[in-house]
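Read through the structure below, which is laid out as structure tokens, and then see the notes.
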Amino acid sequence: MKEKQVKYRRSQGIDELREHLARLEDEFETPEEFSDELLCAARQAIAQLESPAQDDTDLPFFTIDPEESTDLDQAMYLERTDDGYRVHYAIADVPNFVRLGTALDSSTRRRGQTYYLPHRKISLHPEVISEDHGSLLPDQTRPALLFSIELDEQGAMGPCTLRHTLIRSREKLDYEGAQAELDSGQGREQLRLLAEIGQKRRVQERERGGASLNLPDQEVVKHNGSYRLTARRTLPLEEANAQISLLTGMAAARMMLEAGVGILRTMPAPEDSAIEEFRTQTELLGHRWDGSQSYGQYLHTLDIADPRQLVIMHRAAALFRGADYQVVNGQDPQDVIQAALAAPYAHVTAPLRRLVDRFGLLTCLLISQGQQLPAELSEALNQVPDLMRASNAANGQISRAAVELVEAYVLKDRVGQSFEAIVLTLPESDDDSQAREGSIQLVDEPVTARFRGHSAPGSLITVRLQLVDVGKRRVLFEEIAGTEE
């Protein structure tokens, strides 16, 4: 699942917005720059890096990421077999750079993850690791942890192996360029295979009852001397790439559960009350979920190009609550399912950007080698859930604040203008004559904001922008006409 993100194009040079965003870093006490001691420790870790005994540099791996990305966690090579497919998925060998008990280990435990802000990122690791020697950059030989996963003709997961090896990525592809190449009908075999396998994995997901919430990203763009928020929809190859990553996380989870050790990403099934509330919202929004399908299967039917169906997808996020990390300790696999995926799942594919993945990868490697987990790693696994909860909370706070700030900033010169919107929430009241403050989703722009009005959730209304306070990150609309259909 993707979380709501907001970006702006670096070439635009929005200096005033950058200043506001920089103040957020002070307000929310984001991690400081790496000290000279830690930078020295990173260089020393690189110098002392142990080269794997195995070598898979003959396999023509490639990476596919946003064009500007340089912290490349994963590379893949895909094969068609007599019985289906084979996915080779190489992951950056961060456990080899960041050893247990080192200063780098302590630093990453405090940080928890990379913070992606609209104007910059605050990395989990020093850039000499995350952007250079640890990154699976093209034409560079790199140590990696290589999952090789068998799939049948329907894309169902079969046997999986994991080895510590050397790889060499041949090419760094970006989503837009790769999608354009594929759409032209001239896409290389690896891209065709990626799209084919991705589609079959989506069918597998749908049949399990799982669903990925691939919501659009927000982008800030210049428009007639001012700024606008636009929605960037996920490209099909991005969704396919996400399915390969999810497949690898599911393979890692299966490995951990069979061994009885490790750490999983879990999420409880939605409560009955949340299901009923969501069903009511879908009816109000004109795309009723009657319960004959699982909610995951229903979400796969939505077309987010339709504003009301996009709102339903946003409201579905209320069903995906309670995500957590759970240490494996002999549980029944059904008790540790990630409900949004309808399967057990582990975070292992982004170790350059997320703390838990390093420990999950190291655990899987030791399992594959038939080794027992050392006490130091077992102790760390028990600490990781609390570390990730704290990091996720801190990152969530500043990410929400950044979205609110950007929304306020791009609307600051539009006070008094009218917009079409769909009502998301409105508190109940005994006095229908009294305007109440609820939330809306603008129809033509990717903005969710507060409003005062009377219309019920699901109503299509017209609102006027009444107030914008960039410093307080506050935006308020007022209903001026109801046009509920």
Side-chain angles (χ1 to χ4, degrees), residues 5 7-8 10 18-50 63 65-66 68-74 91-137 140 142-145 172 347-362 376-377 379-381 383-399 401-402:
Q5 298 181 17
K7 305 173 183 177
Y8 71 88
R10 294 176 183 176
R18 289 181 68 94
E19 292 174 5
H20 283 290
L21 289 164
R23 295 189 195 105
L24 288 184
E25 296 184 42
D26 295 330
E27 179 181 345
F28 290 93
E29 298 181 350
T30 54
E32 297 178 351
E33 299 296 328
F34 290 102
S35 66
D36 290 341
E37 290 78 10
L38 283 171
L39 294 176
C40 180
R43 290 190 290 270
Q44 185 176 12
I46 294 166
Q48 297 174 347
L49 196 68
E50 295 181 3
T63 62
D65 292 275
E68 69 275 10
S69 295
T70 51
D71 49 350
L72 309 182
D73 287 287
Q74 317 102 7
I91 303 174
D93 184 17
V94 180
N96 202 357
F97 289 92
V98 185
R99 299 300 182 93
L100 294 173
T102 63
L104 285 174
D105 181 25
S106 298
S107 170
T108 57
R109 294 193 198 197
R110 289 191 298 271
R111 288 172 175 255
Q113 61 191 281
T114 294
Y115 288 64
Y116 289 93
L117 302 178
H119 61 306
R120 76 181 190 106
K121 66 182 177 185
I122 303 171
S123 296
L124 175 61
H125 302 93
E127 290 187 3
V128 70
I129 292 176
S130 62
E131 313 278 331
D132 192 353
H133 291 271
S135 179
L136 303 183
L137 298 169
Q140 301 294 323
R142 294 286 187 251
L145 296 169
K172 177 183 183 294
H347 271 159
V348 294
T349 62
L352 290 173
R353 295 171 278 169
R354 195 168 47 210
L355 173 70
V356 62
D357 299 54
R358 170 163 60 94
F359 297 102
L361 277 175
L362 181 55
E376 192 174 16
L377 176 55
E379 181 181 352
L381 288 174
Q383 296 173 357
V384 165
D386 283 340
L387 295 172
M388 289 305 303
R389 289 173 198 133
S391 175
N392 286 338
N395 192 27
Q397 282 185 323
I398 192 168
S399 295

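We're numbering straight along the sequence, starting at 1. Nothing here was measured: the structure is a model prediction, and the numbers come from that model.
Scanning both residues, Ala42 and Leu104, for their nearest heavy atoms gives CA-CD1, 3.8 Å. Shortest non-hydrogen contact noted between Gln74 and Thr63 is O-CG2, 3.2 Å. For the residue pair Gly360 and Val348, the shortest heavy atom distance occurs at C-CG1, 3.9 Å.
At a threshold of 4.5 Å between non-hydrogen side-chain atoms, the residues Asp73 and Leu136 do not count as touching. Annotation: side chain of Ser391 is not in contact with side chain of Leu355 (no heavy-atom distance under 4.5 Å). Using a 4.5 Å cut-off on side-chain heavy atoms (C-beta onward), Leu137 and Arg142 make contact. Taking the side chain as every heavy atom from C-beta outward, Glu27 and Ile398 never approach each other to under 4.5 Å. Using a 4.5 Å heavy-atom cutoff, the side chains of Ser107 and Val98 are not in contact. With a 4.5 Å cut-off on side-chain heavy atoms, Asp71 and Leu124 do not count as touching. Using a 4.5 Å heavy-atom threshold, the side chains of Asp357 and Val94 count as separate.
With respect to the salt-bridge test (charged N to carboxylate O, under 4.0 angstrom), the residues Arg389 and Asp386 qualify. Between Glu50 and Arg99 there is a salt bridge, since a side-chain N of the basic residue sits under 4.0 Å from a carboxylate O of the acidic one. A salt bridge does not link Glu68 to Lys121: none of the charged side-chain nitrogens sits closer than 4.0 Å to a carboxylate oxygen.
Rounded to the nearest 0.5 Å, atoms CZ (Arg358) and CZ (Arg109) are 6.5 Å apart. Rounded to the nearest 0.5 angstrom, His133 NE2 and His125 NE2 are separated by 15.0 Å. Residue Leu39 holds its CG atom at 9.0 Å from CD of Glu37, rounded to the nearest 0.5 Å. One distance of note links CD of Gln48 with OG1 of Thr102; it measures 10.5 Å at 0.5 Å rounding. We find the CG-OG1 distance between Leu352 and Thr114 to be 8.0 Å, quoted to the nearest 0.5 Å. In this structure, the separation between CG on Leu24 and CG on Leu117 is 7.5 Å, given to the nearest 0.5 Å.
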Test salt bridge (charged side-chain N to carboxylate O under 4.0 Å, His left out) on Glu127 and Arg120; report intermediate values, then the result. CA-CA 13 Å; Glu127 290 187 3; Arg120 76 181 190 106; over 6 Å; no
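With Arg111 contributing its side chain and Ser123 its backbone, the two residues share a donor-acceptor pair below 3.5 Å. Under the 3.5 Å distance criterion, the side-chain polar atoms of Asp93 are left unmatched by any main-chain donor or acceptor of Leu145. In this structure, the side chain of Ser135 does not engage the main chain of Asp132 through any donor-acceptor pair within 3.5 Å.
A cation-pi arrangement, defined by a distance under 6.0 Å to the six-membered ring centre and an angle within 45 degrees of its axis, is absent between Arg353 and Tyr116.
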